[in-house]
Amino acid sequence: MSAPTNAARLELLRWMIRARALDERLVALYRSGGIRGGSVFTGRGQEAFSAAGAMQLREGDVFAPLIRDSAGRLVRGETPLDALRVCLGRKTGVMRGRDGNIHRGTLGNGVIPMISHLGSTIGVIAGLLLAKRLRGERDAIGLVSIGDGGMNTGAFHEGFNVLAVERLPVVLMVADNQLSYSTFSDRSYACTNLVERAAGYGVRGHTCDGTDADACLTTLSEAAARVRAGEGPQMVVAKLLRLAGHGEHDDAAYVTADMKARFGDNVPLFEQKLQADGVLSADALATLWSTARADVATALTQAQSEPEPLPAQEDWSAYSVRDLLSFKAVL
Amino acid sequence: MSAPTNAARLELLRWMIRARALDERLVALYRSGGIRGGSVFTGRGQEAFSAAGAMQLREGDVFAPLIRDSAGRLVRGETPLDALRVCLGRKTGVMRGRDGNIHRGTLGNGVIPMISHLGSTIGVIAGLLLAKRLRGERDAIGLVSIGDGGMNTGAFHEGFNVLAVERLPVVLMVADNQLSYSTFSDRSYACTNLVERAAGYGVRGHTCDGTDADACLTTLSEAAARVRAGEGPQMVVAKLLRLAGHGEHDDAAYVTADMKARFGDNVPLFEQKLQADGVLSADALATLWSTARADVATALTQAQSEPEPLPAQEDWSAYSVRDLLSFKAVL
Amino acid sequence: MSAPTDQTGAGKPAATSIRYVDAINRALGDALAADPRVFCYGQDIGGTFGGAFKVTKGLVERFPGRVLNSPISEDAQTGVAIGAALGGMRPVIEYQFADFASIAFNQLVNQAATYFWRTGKSIPITMRFPAGGTPGGGPFHCQMPEAWLSHHPGLVVVAPATVADAYDMLRDAIACDDPVMFIEHKLLYSHLKAEFDPARAEHLPLGAAAVRREGHDVTLISYSGMVHECLRAAEQLAQEHGIECEVLDLRCLRPLDTGAILSSVAKTGRVLVATESWPFGGTAAEVLAVISTDGFRLLDAPPRRLCAQDTPIPYQVDLFHAHHPDAARIAAAALELAEF
Amino acid sequence: MSAPTDQTGAGKPAATSIRYVDAINRALGDALAADPRVFCYGQDIGGTFGGAFKVTKGLVERFPGRVLNSPISEDAQTGVAIGAALGGMRPVIEYQFADFASIAFNQLVNQAATYFWRTGKSIPITMRFPAGGTPGGGPFHCQMPEAWLSHHPGLVVVAPATVADAYDMLRDAIACDDPVMFIEHKLLYSHLKAEFDPARAEHLPLGAAAVRREGHDVTLISYSGMVHECLRAAEQLAQEHGIECEVLDLRCLRPLDTGAILSSVAKTGRVLVATESWPFGGTAAEVLAVISTDGFRLLDAPPRRLCAQDTPIPYQVDLFHAHHPDAARIAAAALELAEF
Ligand SMILES: Cc1ncc(C[n+]2csc(CCOP(=O)(O)OP(=O)(O)O)c2C)c(N)n1
Ligand SMILES: Cc1ncc(C[n+]2csc(CCOP(=O)(O)OP(=O)(O)O)c2C)c(N)n1
Ligand SMILES: [Mg+2]
Ligand SMILES: [Mg+2]
């Protein structure tokens with residue numbers, strides 16, 4: 001495991017700040033009534049792990065993010081405008097108002113848009129990577145997220161086992177943020193660390209401190225390198241804390257003082273570390289923040305100026321083939 | 001781990017022989033057209049492991065058997081007559097002709113009748129054991145079977161995780177018989193031995209040679225003792241071979257010569273060992289077989305003389321409360 | 001649907017006004033207090049949090065050890081319920097959203113539903129489904145599950161539309177020896193309020209439909225949240241057109257109270273079934289099948305159904321509202337029927 | 001149901017006689033040969049064994065690496081299909097029995113079915129369901145899955161009843177850009193034989209129903225195995241009572257060919273829907289809902305349905321046969337209708 005370059009560290013911080021700026025704007029929007037219906041879900045506290053994972057990907061790779069991956073999504077090429085359009089239900093958004101918030105994503109960015117049912121994207125990324133293998137696209141790898149709660153779904157188990165049996169090139173990122181909504185880990189699993197599940201699938205496990213951005217970068221780059229070297233699926237478990245409610249409707253009063261004391265906020269921690277290392281000046285840091293916030297502000301103005309879908313113009317059909325009465329295979 | 005007593009060994013052999021005799025009669029019946037519709041499923045090759053597991057149970061304990069547990073079912077108190085009535089679809093059988101073959105069972109014997117969907121009994125035994133805990137019945141333990149194939153179902157994962165999280169008193173018996181129907185293990189899982197899955201659930205794992213009856217007895221009695229001592233769920237993985245088709249409709253042509261060479265038949269192996277140890281005479285062995293076969297023959301004659309259900313007399317209702325139009329809680 | 005007010009007249013002035021969610025909470029508390037066999041198991045219900053919709057708020061404090069958190073494992077939650085019932089308990093399971101109970105489909109329709117018929121042992125479990133659309137919920141937090149719970153034989157499916165029913169039917173469900181699927185409408189949780197007198201007179205049996213408004217021109221059949229839209233539509237038609245609709249709240253969806261359905265159709269000869277669920281093979285289709293086979297000669301006009309658009313449920317709020325029937329659309333369809 | 005013989009007249013003398021299972025096997029082989037995007041994934045299909053019903057026999061030898069064994073993981077099998085479709089492939093998945101596809105319910109109705117509407121990307125997957133009752137199969141090896149596959153919008157559901165349809169509709173399904181649920185009747189696999197001419201003339205489009213026998217007295221509507229019972233019943237009624245039934249094979253269950261249904265009802269005015277599935281909210285209920293809402297004035301008698309008993313499917317053979325309609329019961333019901 002080689003230490004990350006300062007360039008990579010600065011890039012990571014930039015993504016973390018951009019994600020935090022976007023999330024904070026979404027929260028403010030929600031609180032001021034700027035989101036019609038629904039809630040807002042953010043990745044605060046998990047930026048380093050999410051972004052460091054996505055930074056391992058190249059063009060042609062695929063990412064199956066979950067709720068807390070606002071940072072990883074940005075790394076993959078989603079812009080704040082893309083995100084805001086979806087959260088605001090804009091017709092111009094990639095989901096056209098049909099789906100919202102964290103369900104956003106497009107294969108154009110190499111992102112598989114999630115459905116809500118946790119665990120069910122794991123089998124999907126297995127199929128996508130299998131397709132690439134069958135088509136002879138040997139270079140692509142996959143990255144897929146799961147939480148400490150989602151690890152206990154049947155869908156996760158079936159899907160991850162298929163990834164392992166097929167030895168597909170994938171990094172599984174397990175963000176163990178101590179909480180499954182309000183449920184503490186001891187009601188979700190009985191092992192000491194979820195990485196103990198790796199061996200049972202026949203895959204290699206890695207752990208890192210999810211509040212330490214350097215550790216995330218180092219561990220995830222090793223895992224991705226092993227995948228690219230043909231070693232098959234790798235599981236990386238990070239311990240960290242969700243620094244927010246499950247969604248903004250949730251005040252997270254159940255989070256104990258002890259939990260909060262045990263986990264720092266990855267963003268200021270990394271800022272301080274980079275400054276202490278002399279890699280980042282106070283000015284440069286301020287610019288990172290102001291640029292990120294300005295970009296989000298511009299994107300928000302733009303998104304808000306764009307139209308919402310009109311029910312009367314909506315195409316109410318769930319099928320792409322409209323007329324099966326005239327459909328036949330061309331043989 | 002203390003060596004099993006000769007009394008226990010002889011008892012185990014007796015159950016193994018009784019199970020084999022029953023299964024062989026069922027096969028003969030199937031081949032001669034004596035089973036109307038459907039197939040016949042046996043536990044040949046797996047008698048030692050199944051019976052040794054069930055021998056650990058006491059009155060009040062519960063067993064959730066699967067396809068290959070003909071031996072364990074007998075140990076729990078099912079008679080050959082009980083089994084034959086169900087396989088022959090008799091009205092007198094515990095399933096009254098409504099369900100058949102391996103789906104048989106009654107809580108009266110402390111047996112949970114399985115549905116076909118593999119893995120789905122694991123959650124059920126968790127609930128049953130939780131009920132006993134909530135009711136203050138602290139002594140009862142559970143025993144539950146799964147195969148190398150069924151281990152990869154989502155239902156297994158969710159159910160076993162609940163057993164582990166609740167630290168319920170249960171022994172999981174994993175019969176890794178190299179085959180999931182026709183599918184070899186390398187297409188079912190990618191770890192070396194399924195026992196590697198134990199740690200991920202936070203439970204203790206044990207392994208044994210499933211063709212060695214003594215090893216089965218020793219290992220399962222240790223596992224059960226640990227459960228009774230309050231150590232929570234134990235996982236016991238046995239390696240063995242299904243010595244039959246999946247069901248009798250299956251000629252199992254896919255089983256390789258190499259696989260057959262690697263695994264002996266637990267019944268003659270144990271017979272020889274007990275004879276070599278001077279615990280069992282040739283006469284006593286012959287009597288075990290003749291008694292077992294005679295019991296099965298008597299049971300078969302009895303079952304065949306009994307009526308099948310009559311459609312016109314069938315009670316075609318899936319509900320126990322017949323009239324919801326007059327149903328109210330008595331508060 | 002917009003926020004409903006209770007027009008069902010179930011409340012009495014003397015009683016205190018409580019919300020639909022409070023009625024469920026109270027029914028759970030009373031059942032836990034009355035019967036040691038009752039316990040609750042579900043995601044996020046076992047801590048101070050009280051569940052995603054706070055339905056179980058305060059119960060863990062009153063009944064420690066009997067309100068338990070489960071992992072995100074809907075299949076196992078259901079297996080646990082079945083096993084606990086076999087062990088003599090009366091479990092009440094909360095799925096966090098009805099949409100996620102899709103994971104439990106197999107355990108529900110193949111294990112819970114078949115158990116009694118196969119073995120003669122009944123399975124007294126109550127499964128709670130927070131269901132139905134709320135603005136911004138999107139495709140996976142707004143669904144109604146009754147169609148896929150009702151096809152396989154063996155499950156009782158109920159869907160209370162009023163505060164009193166939320167209480168009474170949950171107590172009935174827990175007392176029932178068969179598996180009861182209890183569908184709670186999320187929009188009603190805090191928006192529906194009514195006076196509730198715990199010492200009130202007799203309530204309807206679990207399987208009975210209720211006439212919420214009498215009328216002789218058109219029968220409007222619905223359940224759950226949509227009952228309130230039908231009541232609004234009926235009021236509007238009475239005011240504006242002098243058309244008197246009979247509003248039938250099915251309450252119990254499996255089995256259906258076919259007697260009540262056919263009686264009302266006999267009276268009006270015209271029927272519209274309104275649901276917020278998808279049309280294909282939904283409860284509305286089953287009701288129409290019953291009416292057309294058993295009530296054909298009672299009909300003066302073709303029966304109709306008004307269901308959701310045949311797509312997933314949209315996130316964006318205007319699309320969401322356009323996705324399912326509302327009072328205005330129900331009134332328009334009923335007017336056509338009345339004038340047929 | 002007893003073993004059917006093909007009375008649909010789909011075969012021509014010059015062609016060779018093959019079984020329903022052979023037609024499916026041939027369609028798979030031809031699709032694999034024609035399109036490199038096609039591959040098969042399912043339990044026990046990737047070895048010499050050829051699958052529980054030998055439907056894929058010989059394919060792995062001809063197409064190594066493109067016919068793959070999966071673990072016992074119906075949820076993941078379905079996820080794999082969806083992902084592979086996103087990756088540009090046209091996967092064909094075998095569930096070992098339709099009954100076990102209950103495990104895949106969520107992936108099917110919430111992931112596969114919603115994908116196109118949510119994202120604009122269509123999901124060309126073909127899911128094969130060996131379905132329907134065979135004597136001794138019992139509660140978990142005999143089910144028909146069409147009801148719970150059809151309610152949520154987004155899945156195409158088809159159920160071929162003839163040898164030619166088994167071939168043609170599978171080729172169509174694989175070519176279709178939407179997820180197609182392909183229901184194969186296990187009793188037809190080896191019992192149904194017909195002459196099959198690969199170079200025969202045009203076949204019906206995927207979504208069209210087929211009139212299998214013309215008649216003007218009563219319309220018998222069915223699909224899959226039950227079509228053959230209807231044909232027998234029609235023959236019997238013609239011979240014994242001079243009553244001419246029109247037998248309509250729906251072929252495609254979602255969407256329904258409502259035009260064909262209503263045309264036939266317009267001709268006869270009397271209709272019986274026969275299925276081996278449960279009644280509640282089943283395809284028969286939907287067909288009756290369509291007829292009663294859109295074809296009310298075409299009817300001369302109340303429409304009827306004849307479905308399975310409302311219990312799990314029994315193991316014992318006599319109970320099994322009594323559980324679902326057969327030609328005799330269909331004929332009796334049709335006779336009542338004709339004499340109404
Ligand atoms: C199958 C399923 N059941 C329930 C839910 C509701 N739900 C949404 S997020 C969540 C908690 C998730 O916890 P975890 O997987 O640890 O992810 P985190 O939110 O902590 O990032 C739950 C229960 C769901 N999305 N899917
Ligand atoms: C969920 C589910 N899918 C498919 C099947 C069909 N099936 C019955 S037995 C079997 C193989 C089981 O293998 P394993 O679990 O190893 O048990 P064994 O038969 O070897 O004892 C399969 C695939 C099933 N019963 N349940
Ligand atoms: Mg978490
Ligand atoms: Mg096996």
Side-chain angles (χ1 to χ4, degrees), chain A residues 35-40 86-91 93 95-101 103-104 114-120 147-156 179-190 246-247 249-254 308-312 314-319, chain C residues 41-54 56 60 68-79 96-97 99-107 133-143 187 278 280 308-324:
Chain A
I35 303 281
R36 295 179 67 196
S39 189
V40 147
V86 173
C87 294
L88 293 172
R90 263 26 190 201
K91 176 97 185 134
M95 312 310 277
R96 296 165 296 166
R98 294 177 173 186
D99 207 341
N101 50 59
H103 302 99
R104 66 187 184 264
M114 63 182 273
I115 67 166
S116 295
H117 300 70
L118 292 168
S120 38
D148 47 291
M151 282 286 274
N152 307 303
T153 59
F156 169 80
L179 294 164
S180 168
Y181 207 148
S182 76
T183 299
F184 298 168
S185 298
D186 65 334
R187 297 293 301 171
S188 285
Y189 59 84
H246 167 56
H249 58 281
D250 169 24
D251 66 9
Y254 47 80
E308 294 183 75
L310 294 176
E314 185 62 25
D315 181 11
W316 297 106
S317 168
Y319 296 88
Chain C
Y41 186 59
Q43 292 162 35
D44 298 295
I45 69 169
T48 53
F49 184 57
F53 300 98
K54 314 281 176 186
T56 55
V60 70
L68 305 172
N69 267 349
S70 84
I72 308 182
S73 301
E74 288 81 5
D75 186 292
Q77 279 180 254
T78 314
Q96 193 152 83
F97 284 78
D99 313 60
F100 300 131
S102 55
I103 307 290
F105 179 65
N106 179 61
Q107 291 280 18
T134 58
F140 309 114
H141 291 75
C142 289
Q143 295 177 30
L187 201 70
W278 294 299
F280 203 105
Q309 298 281 4
D310 204 21
T311 69
I313 302 159
Y315 164 78
Q316 196 272 344
V317 177
D318 302 319
L319 293 184
F320 168 76
H321 287 301
H323 188 262
H324 51 260

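Note on naming: letters A, B, ... go to the chains in the order of the sequence lines (proteins, then strands), and numbering restarts at 1 for each one.
Aromatic ring orientation, His117(A) versus Phe100(C): perpendicular (interplanar angle above 60°, classes split at 30° and 60°). Using the six-membered ring where Trp is involved, His323(C) and Trp316(A) have ring planes that are tilted, between 30° and 60° apart.
Considering only heavy-atom pairs separated by less than 4.5 Å from chain A, the leading option among Gly46(C), Ser73(C), Ser70(C) is Ser73(C).
What you find for Leu319(C) and Gly97(A) is that their closest heavy atoms are CD1-O, 4.0 Å. In terms of heavy atoms, Thr311(C) sits closest to Ala318(A) at CG2-N, 4.1 Å.
In this structure, Gln316(C) CD and Arg36(A) CZ are separated by 5.5 Å, a value rounded to the nearest 0.5 Å. In this structure, CZ in Phe184(A) is found 9.0 Å from CG in Asn69(C), a value given to the nearest 0.5 Å. Between Gln96(C) atom CD and Ser180(A) atom OG the span is 8.0 Å, to the nearest 0.5 Å. With rounding to the nearest 0.5 Å, the separation of OH in Tyr319(A) from CG in Asp310(C) is 6.5 Å.
In this structure, chain C has heavy atoms under 4.5 Å from both the backbone and the side chain of Asn101(A). In this structure, chain C has a heavy atom under 4.5 Å from the side chain of Leu118(A), while its backbone stays farther away. Neither the backbone nor the side chain of Arg90(A) comes within less than 4.5 Å of any heavy atom in chain C. If you measure heavy-atom distances from Ile313(C) to chain A, the contacts under 4.5 Å come from the backbone alone. Heavy-atom distances place the backbone of Leu310(A), and not its side chain, under 4.5 Å from chain C.
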